[in-house]
Amino acid sequence: MFFTKKSKHPETEEQEKSSEESALQALKDRIDTAKLPPRAMAAATKEFEKLSRTDPAMAEYSVGLNYIDLINSLPWNTSSRGALELKRAEAILNSRHYGLAQINERILELLAAKTLRNAIPPRILIVDDEIIACTNLQYTLEKEGYSCICAANGRKAMDIITSTDIDVILSDLKMDQMDGLQLLEEIKLLDLDIPMILITGFASVDSAVQALKKGAAHYLGKPLNLKELKKTVREVLQSKQTMDMGKGPILCFTGPPGTGKTSIGKDIAEALHLHFIRISLAGLRDEANLRGHRRTYIGAMPGKILSEIQRVGVNNPVFLIDEIDKIGQDFRGDPASVLLEVLDPEQNSRFMDHYLDIPFNLSQVMFIATANDLSTLPSPLLDRMEVIEFRGYTKSEKTHIASQFLIPRQLKEAGLHQEQITFSPQAIGKIITDYTKETGLRNLEREIASICRKLALKRLRARETEAAFPTIQIDEAAIHGFLGPKKFLTDSSADPPLPGITTGLVWSGTGGEALKVETARMSGTGQLLLTGSVGNVLQESAQTALSLIRSKAHTFNIDETLFHTLDIHIHFPAGAISKDGASAGITIFMALLSRLTGQPAHQDIAMTGEITLSGRILGVNGIREKLLAANRTGIRRIILPAANEEDVLALSPDILESLQIFQVSFIDEIIDQVLIPLSS
Ligand code: ADP
């Protein structure tokens, strides 16, 4: 809750003063009882002191109140009790999604590793040459749930440390053979990351100071105060565990939109009994949106990260940062460094929000990033992420998902019962082919939702006229009535052969697509013109294709002098979408060859592949998405690089069953497939 100053009825000066004083006292009490860590307590106290000297009528007063309120309400030490019950998590992940078994398995593996690491009772090594002292300590600490091992001196302790996992060492200072300080030195020398608590006699305060200087985590004086011992062990372990929890890679879900990335993120939170937060970075322009504005700024607020953590009230939620590849081009600040600071466990334990102005520990948050296209991500970020790929769906997978998940959900949303309304598989197939075009499920769900709302209206009208609402079977013919004329024409294979136009299969973060390449020639001076939002790599592919044709002009029966008297224009329709990549090489080559020789090109054939100047065809990415796009557009004949054979073999039969695939290594192998010879 943020405070604003309300106007009050006039009161006597004294009454006003006393009510301000009691409000300040209440605030002070809240600070004192909020169990703040030392840095936060110091910041809140400093701000409170400033506030008590400020006139409540001043704007700074409410700024200060809001700041203290933020500090008080942040979950500095509040965590929810997450736990992985493997069976339950497996059931949640598998029952809510179709066809994601492999992805679910990888997620479960990662979660299991994280959870196991934190579920093992911490192991304490007690080093003391007095057996009784050792046994007493062991008894006390094992009662606290720790597992303990004893060693009689530093030498024996080193033997144990090198062969067993130890979380904390509790060592006496004075011992035979190797004492506590020597043990500490040896541990530091071997660069072992094990915190050590030293127990010293009252007489050796100097050695205690020396121990702390040498890197001991804490020291305790003799005689031991058991309460203090337990507290110290707990604190030392806690800071070690917090660091451990955040360790491990950041999960990054990548794939086209609508393939289940966000919903799997939500299910992970549910499976682990954790809170779920989602923010999107799409179009984000200012670092301050993430990290907040400094308080000197008028209207300053904390950034999205911190305000979401404040909203859920725990410091260990599952936090989905959506579309990290869509940060606005004109982002003010360095997106990579902000994201690293937020996502990287090495850095996020001291996350600085500019408004809060003291570090907040995000290392217990389980961050999941999503991206459509990884190619735009900075490599320092990519290196730290465990990428899990989500793929587009085939028509039969979509049909299955629609009937099992999307239709029941949308019927429920519209207040209808599943038993009353059924969709035939053909009806679902029609929605998929005629009303949606993408590889994911968003538009399919939207169209289904639209039909369900229309059914809800029908049902309400029927109720008004008191007629019983019949059970409805929605078949293919009914879809037009609900959704109107087809939104997409699928059969581009029906087009007659045309000169200078070929179809390429392209792939981007949003999935695959079949795109035409069009060429024109006109008299000129040998210039090559490219239009349609093309990137540098695509421009180079076009240059390569043209040079290849020129260098082999005589083989293709093209008059070489033509190239000095013609201008050539290559256009990639759908100019609003920017295109780049080398995989359109053979498509451009065939379109140019068709244009320059006058031989028409078959329109029911689509291709993808990079070409080299010597006419070799190189392998490309995104074969699955490209073939799904061919399926969606009704293209049956496909030319692919031979180098992609493995990708084709990995595809499921339902993608391949309606396709005829030619795998080629050289450009000569495709000319007769694509071009129709001119009758002489
Ligand atoms: P993304 O985050 O990848 O853009 P979403 O998670 O928002 O996609 O998914 C869009 C819709 O499709 C959601 O309603 C989701 O539940 C559903 N969905 C996606 N993949 C599957 C699947 N494999 N099985 C069932 N439903 C799915």
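Ligands are counted one by one from 1 in listed order, and the atoms in each one are counted from 1 as well. Sequence positions, counted from 1, serve as the residue numbers for this chain.
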Could you tell me which atoms of ligand 1, counted from 1 in the order shown, lie closer than 4.0 angstrom to a heavy atom of Pro257?
4 (O)
Heavy atom of Phe390, distance to ligand 1 below 4.0 Å:
no
In terms of residue, atom name and distance, what is the protein heavy atom nearest to atom 16 (O) of ligand 1?
Arg409 NH2, 3.2 Å
Nearest heavy-atom pair of Ser583 and Leu505: which atoms, and what distance?
OG-O, 4.2 Å
Just heavy atoms, cut-off under 4.0 Å: does Arg442 contact ligand 1 by side chain, backbone, both, or neither?
side chain
Looking at every non-hydrogen atom in both residues, tell me the closest pair between Glu323 and Ser280 and how far apart they are.
OE1-OG, 3.3 Å
Check: Ser80/Asn316 side-chain N/O donor and acceptor closer than 3.5 Å:
yes
Shortest protein contact, atom 24 (N) of ligand 1 (heavy atom only):
Tyr98 N, 3.0 Å
Smallest separation among heavy atoms of Ala629 and Glu513, with atom names:
CB-N, 3.5 Å
Logged contact type for Thr262 with ligand 1, heavy-atom cut-off 4.0 Å, is both
Report, in ascending order of atom number, the atoms of ligand 1 lying under 4.0 Å from any heavy atom of Phe405.
25 (C)
For atom 9 (O) of ligand 1, closest protein heavy-atom neighbour
Gly260 N, 3.7 Å
In terms of residue, atom name and distance, what is the protein heavy atom nearest to atom 6 (O) of ligand 1?
Ser263 N, 2.9 Å
The closest protein heavy-atom partner of atom 20 (N) of ligand 1 is Tyr393 OH, 3.0 Å
Does a donor on one side chain sit under 3.5 Å from an acceptor on the other, for Ser349 and Asn361?
no
Ring centres under 6.0 Å, that's the criterion: do Phe319 and Phe367 meet it?
yes
Do Ser363 and Asn348 have side-chain N/O donor and acceptor atoms under 3.5 Å apart?
no
Is it true that Glu397 lies under 4.0 Å from ligand 1, counting heavy atoms only?
no
Ligand 1 atoms in contact with Leu100 (distance to a heavy atom under 4.0 Å)
23 (N)
Among non-hydrogen protein atoms, atom 18 (N) of ligand 1 lies closest to Leu441 CD1, 3.5 Å
What do you reckon, does Arg96 put a non-hydrogen atom under 4.0 Å from ligand 1?
yes
Decide salt bridge (Lys or Arg N to Asp or Glu O under 4.0 Å) for Arg311 and Glu308; before the verdict, give the C-alpha distance in whole Å, the side-chain angles of both, and the deciding distance to 0.1 Å.
CA-CA 5 Å; Arg311 183 179 62 78; Glu308 285 297 316; 2.6 Å; yes
Could you check atom 26 (N) of ligand 1 against the protein and tell me its nearest heavy-atom contact, residue, atom and distance included?
Ile401 CG2, 3.5 Å
What is the minimum heavy-atom distance between Thr259 and Tyr393, and which atoms define it?
O-OH, 2.9 Å
Residue among Arg96, Arg88, Lys261 satisfying salt bridge (charged side-chain N to carboxylate O under 4.0 Å, His left out) with Asp267:
Arg96
Any N or O on Gly258 sitting closer than 3.5 Å to an N or O of ligand 1?
yes
When you measure from the side chain of Arg409 to the backbone of Glu445, do you find a donor-acceptor pair of N or O atoms at a distance under 3.5 Å?
no
Give me the nearest non-hydrogen protein atom to atom 3 (O) of ligand 1 as residue plus atom name, then the distance to 0.1 Å.
Lys261 NZ, 2.7 Å
Report, in ascending order of atom number, the atoms of ligand 1 lying under 4.0 Å from any heavy atom of Thr259.
1 (P), 3 (O), 8 (O), 19 (C), 20 (N)
